[in-house]
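Notes for the one structure printed next.
Protein chains get the first letters and strands the later ones, always in sequence-line order, with residue 1 at the start of each.
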Amino acid sequence: MVIIKNEFFRRNPKLVAIDLLGKILVRIIDNKALEGIIVETEAYFGQDDPASRAYHGKKNYNKEMWDDPGKIFIYNVHNNWMFNVVSHEDGKVGAVLIRALHPLKGVEEMMRNRKIKDIRKLTNGPGKLTKALKIDKSLSGKFLSPKNSIYIEDRGVKVKIGSSHRIGVRKDLKEKLRFFVIDDEFVSR
DNA sequence: AGGAAGATCTACT
DNA sequence: GTAGATCTTCCTA
């Protein structure tokens, strides 16, 4: 039961993406905890990464990526909120996108937020998990912290990790930057 | 004012 | 499994 500190995110986003698998994302709503194991992530770099939001330089909608590691960065795509954590070494730019969770606690609450009954479709995609956990733009720019009702814990869960190219990306890098837990049914696709 | 977006849902072959 | 409609932010003009 260790809450992850901001320093965890002060390194290459690829390493952060790998290390986040098996960690627990905790979201507090009305004093109740909604929890899920992180089972799918993607790493994004800065201006040399054509798939990154930061590729075209600093803009209003992406400026958080230049901020300190550990900050939450949220953007909207097709009416879906994408949940990222700013991750980079000093002087660089980058973020890790959380793509899927394996629900642990507060499942009833999440189903109500999503208005569905099938648990397997509850949090198996980036836009789905933000709705289930009531994450939206208002959290963008805040740090992961119990103070802000959202944080990540390490409970020592061990997972088998696989990798692939990123999803939905038009111009991907050669490197494989999507990481997921092997044999977990909550991984998207 | 117009358009595009790292997705999701639904309805099928 | 794949294909097509969807509809909200936020960008560029």
Side-chain angles (χ1 to χ4, degrees), chain A residues 9 12-21 25 27 34 36 38-67 71-88 92-103 107 109-142 150 161-189:
Chain A
F9 301 97
N12 188 322
K14 180 179 174 180
L15 301 175
V16 175
I18 293 168
D19 254 10
L20 276 179
L21 295 173
L25 179 65
R27 170 75 166 138
L34 307 181
I38 297 169
V39 295
E40 186 178 347
T41 58
E42 283 178 3
Y44 289 93
F45 294 100
Q47 292 180 310
D48 40 357
D49 179 357
S52 172
R53 292 268 120 167
Y55 184 53
H56 295 292
K58 201 168 182 175
K59 298 273 167 59
N60 266 331
Y61 66 95
N62 66 14
K63 60 181 185 310
E64 283 88 359
M65 287 184 78
W66 277 258
D67 285 346
K71 253 195 187 179
I72 298 164
F73 165 47
I74 291 175
Y75 59 88
N76 186 286
V77 176
H78 287 79
N79 197 23
N80 295 286
W81 296 111
M82 302 289 128
F83 177 66
N84 301 258
V85 184
V86 177
S87 305
H88 55 75
K92 296 202 176 176
V93 179
V96 173
L97 170 69
I98 311 291
R99 285 192 57 88
L101 297 176
H102 184 135
V107 175
E109 186 83 28
M110 293 189 219
M111 284 182 175
R112 217 169 323 137
N113 295 338
R114 291 263 296 126
K115 299 184 174 68
I116 58 161
K117 290 178 187 158
D118 187 350
I119 187 170
R120 284 175 307 172
K121 296 177 181 170
L122 197 54
T123 54
N124 64 332
K128 299 177 191 176
L129 72 93
T130 51
K131 278 196 185 69
L133 298 191
K134 289 195 169 182
I135 292 168
D136 65 23
K137 183 81 191 224
S138 65
L139 287 171
S140 197
K142 296 184 177 179
I150 184 160
I161 295 171
S163 67
S164 78
H165 287 289
R166 292 176 291 192
I167 291 181
V169 176
R170 285 204 286 257
K171 296 171 72 176
D172 205 351
L173 299 171
K174 285 181 185 153
E175 226 175 333
K176 291 184 176 172
L177 292 170
R178 169 175 175 256
F179 305 97
F180 55 92
V181 175
I182 293 172
D183 293 335
D184 192 291
E185 57 181 322
F186 292 95
V187 173
S188 66
R189 320 200 156 201

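Taking side-chain N and O atoms only, A/Lys128 has a distance below 4.0 Å to OP1 or OP2 of B/dC9. The shortest distance between the side-chain N/O atoms of A/Lys137 and the OP1/OP2 oxygens of C/dC10 is below 4.0 Å. Side-chain nitrogen and oxygen atoms of A/Arg166 include none within less than 4.0 Å of the OP1 or OP2 phosphate oxygen of B/dA7. Of the side-chain N and O atoms in A/Arg99, one or more sit less than 4.0 angstrom from OP1 or OP2 of B/dA7.
To the nearest angstrom, P of B/dC9 lies 8 Å from NZ of A/Lys121. Atom CE in A/Met82 sits about 13 Å away from atom P in C/dC10, given to the nearest Å. Between the P atom of C/dC7 and the CH2 atom of A/Trp81 lies a distance of 17 Å, rounded to the nearest Å. Atom CG in A/Asn124 sits about 10 Å away from atom C1' in B/dT8, given to the nearest Å. Atom OH of A/Tyr61 is separated from atom C1' of C/dC10 by 9 Å (rounded to the nearest Å). Remark: C1' of C/dG4 and NE2 of A/His78 are 12 Å apart, rounded to the nearest angstrom. Atom-to-atom, NE2 of A/His56 to C1' of B/dA4 comes out at 12 Å; the value is rounded to the nearest Å. Atom CG of A/Asp136 is separated from atom C1' of C/dC10 by 15 Å (rounded to the nearest Å).
Among the heavy atoms of the strands, none lies under 4.0 Å from A/Thr130. Among the protein residues, A/Arg178 comes within range of no part of the nucleic acid, since none of its heavy atoms lies under 4.0 Å from any strand.
The side chain of A/Asn60 has C/dC11 as its nearest neighbour among B/dA5, B/dC9, C/dC11. Counting only heavy atoms from C-beta on, A/Lys59 has its side chain closest to C/dT12 among B/dA7, C/dC10, C/dT12. With distances taken from any side-chain atom of A/Asn79 to the nucleotides C/dC10, B/dT8, C/dT8, the minimum falls on C/dT8.
A/Leu139 is listed as a side-chain neighbour of A/Arg27, based on a closest heavy-atom distance under 4.5 Å. Residues A/Leu20 and A/Val96 form a side-chain contact, since some pair of their non-hydrogen atoms from C-beta on lies under 4.5 Å apart.
Across the interface with DNA chain B, nearest-nucleotide mapping of A/Ile116 and A/Ile167 shows A/Ile167 to be the residue nearer the 5′ end.
Partner assigned to C/dT8 is B/dA5, using Watson-Crick or G-U wobble distances below 3.5 angstrom.
Heavy-atom minimum distance, A/Ala54 versus A/Gly46: CB-CA, 4.1 Å.
Between the side chains of A/Lys58 and A/Asn62, not a single donor N or O lies within less than 3.5 Å of an accepting N or O.
Salt-bridge formation is not detected for the pair A/Glu64/A/Lys71: no Lys NZ or Arg NE/NH1/NH2 atom is positioned less than 4.0 Å from an Asp or Glu carboxylate oxygen.
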